[in-house]
Amino acid sequence: MFNDLTTPATLMATRRSGKPRDMAAPGPDDAQLARILAAATRVPDHGKLAPWRFLVVPPAARAVLGERMAGCLRAERPDAHEAELAAARDFALQAPTLVVVLFSPRESAKIPLWEQELSAGAACMALLVAAHAEGFVGGWLTTWAAYSDRVRDLFGHAPERIAGFMFLGSPGRELSERPRPDPEQVIGVWHP
Ligand SMILES: Cc1cc2nc3c(=O)[nH]c(=O)nc-3n(C[C@H](O)[C@H](O)[C@H](O)COP(=O)(O)O)c2cc1C
């Protein structure tokens, strides 16, 4: 499915996201998922605070999550249309595997919140790269749900927040490449 992944550069250059709604079985099995998640914990983390955690939503819990997310949307937006509520339900049913990454900021006199946020982003990215290395495709979504305190409360509690809904699986259709920034526009050399 993928190109030669024997070098780190190739691994990164061949990774791209898939659309979670297009993902198909198989997803990672338990051993593969454990390796992916262990890899995702190996990220730069100033102060060794581990300001993130990972919650796997097992297949049997997906429909319940969908119902709860629809309930959150209804509570927040009583005027939400039935189609929007259905989309909230369906969101949780996408792809074979769903991992919710929570940003869990730690009280620290020394480590700024910004650096803890950067570490949480790194954890999400590491998860995507590790999934690719295991032969799967990933997709990082936030949507309204990552900004909903009600949805956050399904998984954790303030001041935690949802860094990403990470969907994993196999591509159900050929992955399309998205426009990428021109390296020349974003890479430079600093001259004093
Ligand atoms: C923090 C974050 C949140 C995102 N949330 C969404 C989302 O809610 N919906 C969406 O369609 N794409 C979202 N994306 C973008 C997708 O992940 C997108 O497919 C990705 O940027 C593709 O780039 P890649 O192929 O290099 O992974 C998000 C990206 C990031 C970094």
Side-chain angles (χ1 to χ4, degrees), residues 1-3 5 8-24 27-28 36-37 39-40 43-45 51-55 57 62 65-66 69-70 72-73 76-77 80 83-105 113-152 154-156 159-183 185-187:
M1 184 188 335
F2 297 107
N3 298 331
L5 300 182
T10 309
L11 178 73
M12 298 302 285
T14 57
R15 188 208 61 82
R16 64 179 66 157
S17 291
K19 288 190 170 61
R21 66 171 176 270
D22 292 337
M23 290 179 196
I36 290 167
L37 294 173
V43 290
D45 169 13
W52 24 255
R53 59 193 182 97
F54 306 85
L55 280 174
V57 183
R62 296 280 209 103
L65 175 58
M69 287 178 69
C72 292
L73 181 60
E76 278 165 30
R77 294 214 2 248
E84 294 173 290
L85 297 171
R89 282 186 208 100
D90 290 347
F91 180 84
L93 299 174
Q94 302 175 99
T97 302
L98 169 58
V99 178
V100 180
V101 181
L102 288 178
F103 171 54
S104 303
L113 197 62
W114 165 237
E115 296 191 14
Q116 299 186 41
E117 291 172 344
L118 290 172
S119 184
C124 291
M125 180 64 189
L127 191 153
L128 292 179
V129 174
H132 177 51
E134 289 279 351
F136 299 98
V137 66
W140 178 353
L141 300 187
T142 43
T143 74
W144 66 273
Y147 299 91
S148 159
D149 287 350
R150 283 187 175 84
V151 175
R152 184 272 319 282
L154 300 177
F155 303 107
E160 289 186 302
R161 57 185 300 183
I162 294 169
F165 295 92
M166 313 303 291
F167 293 93
L168 307 177
S170 301
R173 60 170 64 185
E174 195 176 341
L175 300 178
S176 57
E177 181 62 320
R178 70 171 172 88
R180 301 283 169 182
D182 177 356
Q185 298 295 319
V186 294
I187 301 170

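For this chain, numbers begin at 1 and follow the sequence in order. These numbers were taken from a predicted model, which means no experiment stands behind them. Atoms within each ligand, like the ligands themselves, are counted from 1 in listed order.
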**Student:** Could you go step by step and tell me if Val99 and Leu55 meet the side chain to side chain contact (heavy atoms under 4.5 Å, CB included) rule?
**Tutor:** CA-CA 6 Å; Val99 178; Leu55 280 174; over 6 Å; no
**Student:** Write down, by chain and number, every protein residue that brings a non-hydrogen atom to less than 4.0 Å from an atom of ligand 1.
**Tutor:**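 Lining ligand 1 at under 4.0 Å, by heavy atoms, one finds Arg15, Arg16, Ser17, Trp140, Leu141, Thr142, Thr143, Arg178, Arg180.
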**Student:** Is a side-chain donor-acceptor pair under 3.5 Å present for Ser119 with Trp52?
**Tutor:** yes
**Student:** Quick one: does any side-chain atom of Arg152 pair with a main-chain N or O of Pro159 as donor and acceptor, under 3.5 Å?
**Tutor:** no
**Student:** Would you give the length of the straight line joining atom CE of Met69 to atom CZ of Phe91, rounded to the nearest 0.5 angstrom?
**Tutor:** 5.0 Å
**Student:** On a heavy-atom basis, which atom in Val186 and which in Pro181 lie closest, and how many Å separate them?
**Tutor:**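 Heavy-atom minimum between the residues: CG1-CB, 4.3 Å.
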**Student:** Once side chain to side chain donor-acceptor pair (under 3.5 Å) is applied, do any residues pair with Arg89, and if so which ones, sequence neighbours excluded?
**Tutor:**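 For Arg89, the residues satisfying side chain to side chain donor-acceptor pair (under 3.5 Å) (neighbours in sequence not counted) are Glu67, Glu82.
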